[in-house]
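First listed ligand is number 1; within each ligand, the first listed atom is number 1. Given the structure is predicted, the values throughout are model-derived calculations rather than measurements.
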Amino acid sequence: MPASLPIDPRIRLERGDITHLAVDAIVNAANSSLIGGGGVDGAIHRAAGPALLAECRTLGGCQPGEARLTAGYRLPARHVIHTVGPIWRGGGHGERDILARCYAACLAIALDRGFRDIAFPAIATGVYGFPHDAAAAIAVAAVRSHLAAHDAPQRVVFVCFDDVAVAAYRRVLGTAAR
Ligand code: APR
């Protein structure tokens, strides 16, 4: 078992509802239409209010692995970064690469805009069926790679909505993860 990698102080793990976080940006696990849905997408649109959907309608959709920025409206978060994860179809259709690109694209927006902190849900692990452990490993690797090369954002929060997701991130981050 390789020694666990040092815990990056800029990475945090939390259990809760991402719509409650007062950060520069929360990430939405959207679909390519960007006009809302269930899961975290539905929660974010409900909390942000109808103005979020109105702005999303001006964006022309989003391809899997890409990301789009909007305001946060009634959310405590100042912005929402919408990304579209891969639908899990067994792993032989580039799903891992698409998921990694989701995290990289969101972090690139945060860097470009000088955001201090960004919160991610466990993208693609709900309706899209991506296995939790594989998704957490991809998420943590993508964030660690970005943070090794850039000073911003200063804080990345993985927000897990249930204990299954928390356990997956704990296994990847090491049990010292908060
Ligand atoms: N806060 C944080 N995480 C949440 C919340 C919330 N309020 N609600 C759900 N989650 C978690 C789920 O438990 C899951 O771990 O977000 C993760 C992603 O699950 P989904 O929201 O189902 O997103 P995804 O698997 O990427 O599927 C996207 O579902 O909701 C539709 O419009 C969306 O079509 C798109 C698809």
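Remark: ligand 1 atoms within the under-4.0 Å shell around heavy atoms of A29 are 23 (O), 26 (O), 28 (C), 33 (C). Every atom of ligand 1 with a heavy atom of T125 under 4.0 Å away is listed here by number and element: 14 (C), 15 (O), 17 (C), 25 (O). Near G39, meaning under 4.0 Å from one of its heavy atoms, ligand 1 places the atoms 8 (N), 21 (O), 30 (O). Of all the atoms in ligand 1, the ones that sit under 4.0 Å from a non-hydrogen atom of D41 are 30 (O), 32 (O), 33 (C). The distance from ligand 1 to the heavy atoms of G37 drops below 4.0 Å at these ligand atoms: 30 (O), 32 (O).
For atom 36 (C) of ligand 1, the closest heavy atom belonging to the protein is Y128 CE1, 3.5 Å. In this structure, atom 11 (C) of ligand 1 lies nearest to the protein heavy atom F161 CB, 3.9 Å. Nearest protein heavy-atom contact of atom 21 (O) of ligand 1 is V40 N, 2.8 Å. The nearest heavy-atom contact from the protein to atom 7 (N) of ligand 1 is D17 OD1, 3.0 Å. Nearest protein neighbour of atom 1 (N) of ligand 1, counting heavy atoms only, is I18 N, 3.0 Å. Closest to atom 25 (O) of ligand 1 among all protein heavy atoms lies G126 N, 2.8 Å. The protein atom (non-hydrogen) at minimum distance from atom 18 (C) of ligand 1 is A122 O, 3.3 Å. Taking atom 30 (O) of ligand 1 as the reference point, the nearest protein heavy-atom neighbour is G38 O, 2.7 Å.
Taking a 4.0 Å cut-off on heavy atoms, G16 registers as neighbouring ligand 1.
The N/O atoms of N31, backbone and side chain alike, include one that comes under 3.5 Å of an N/O atom in ligand 1. Residue contacts with ligand 1: A124 is placed with a nitrogen or oxygen under 3.5 Å of a nitrogen or oxygen of the ligand (distance criterion only). Polar contact with ligand 1: absent for A165 (N/O pair, distance under 3.5 Å). Here's the thing with H132: none of its N/O atoms is less than 3.5 angstrom from an N/O atom of ligand 1. Residue contacts with ligand 1: A43 is placed with no nitrogen or oxygen under 3.5 Å of a nitrogen or oxygen of the ligand (distance criterion only). The shortest N/O to N/O separation between V127 and ligand 1 falls below 3.5 Å.
Within the 4.5 Å cutoff, no side-chain heavy atoms of C62 are placed close to those of T83. At least one side-chain heavy atom of F130 sits less than 4.5 Å from a side-chain heavy atom of L99. Side-chain atoms of I26 and V159, non-hydrogen and from C-beta on, never get closer than 4.5 Å to each other. Put simply, the side chain of R89 reaches to within 4.5 Å of the side chain of E95, judged on heavy atoms. For the pair D162 and V166, the minimum side-chain heavy-atom distance is 4.5 Å or more. Counting heavy atoms from C-beta on, the side chains of L53 and H45 come closer than 4.5 Å. Between R15 and D163, the closest side-chain pair of non-hydrogen atoms falls below 4.5 Å.
At a cut-off of 3.5 Å, with distance as the only test, a side-chain donor of T70 or H82 sits close to an acceptor on the other residue.
At a threshold of 4.0 Å, the pair D133-R171 counts as salt-bridged, since one of the basic side-chain nitrogens sits closer than that to a carboxylate oxygen. Using a cutoff of 4.0 Å between basic side-chain nitrogens and carboxylate oxygens, E55 and R57 are not scored as salt-bridged.
Side-chain atoms of D24 never come within 3.5 Å of backbone atoms of I118 as a donor-acceptor pair (strictly under, hydrogens ignored).
Atom CZ of R101 sits about 12.0 Å away from atom SG of C106, to the nearest 0.5 Å.
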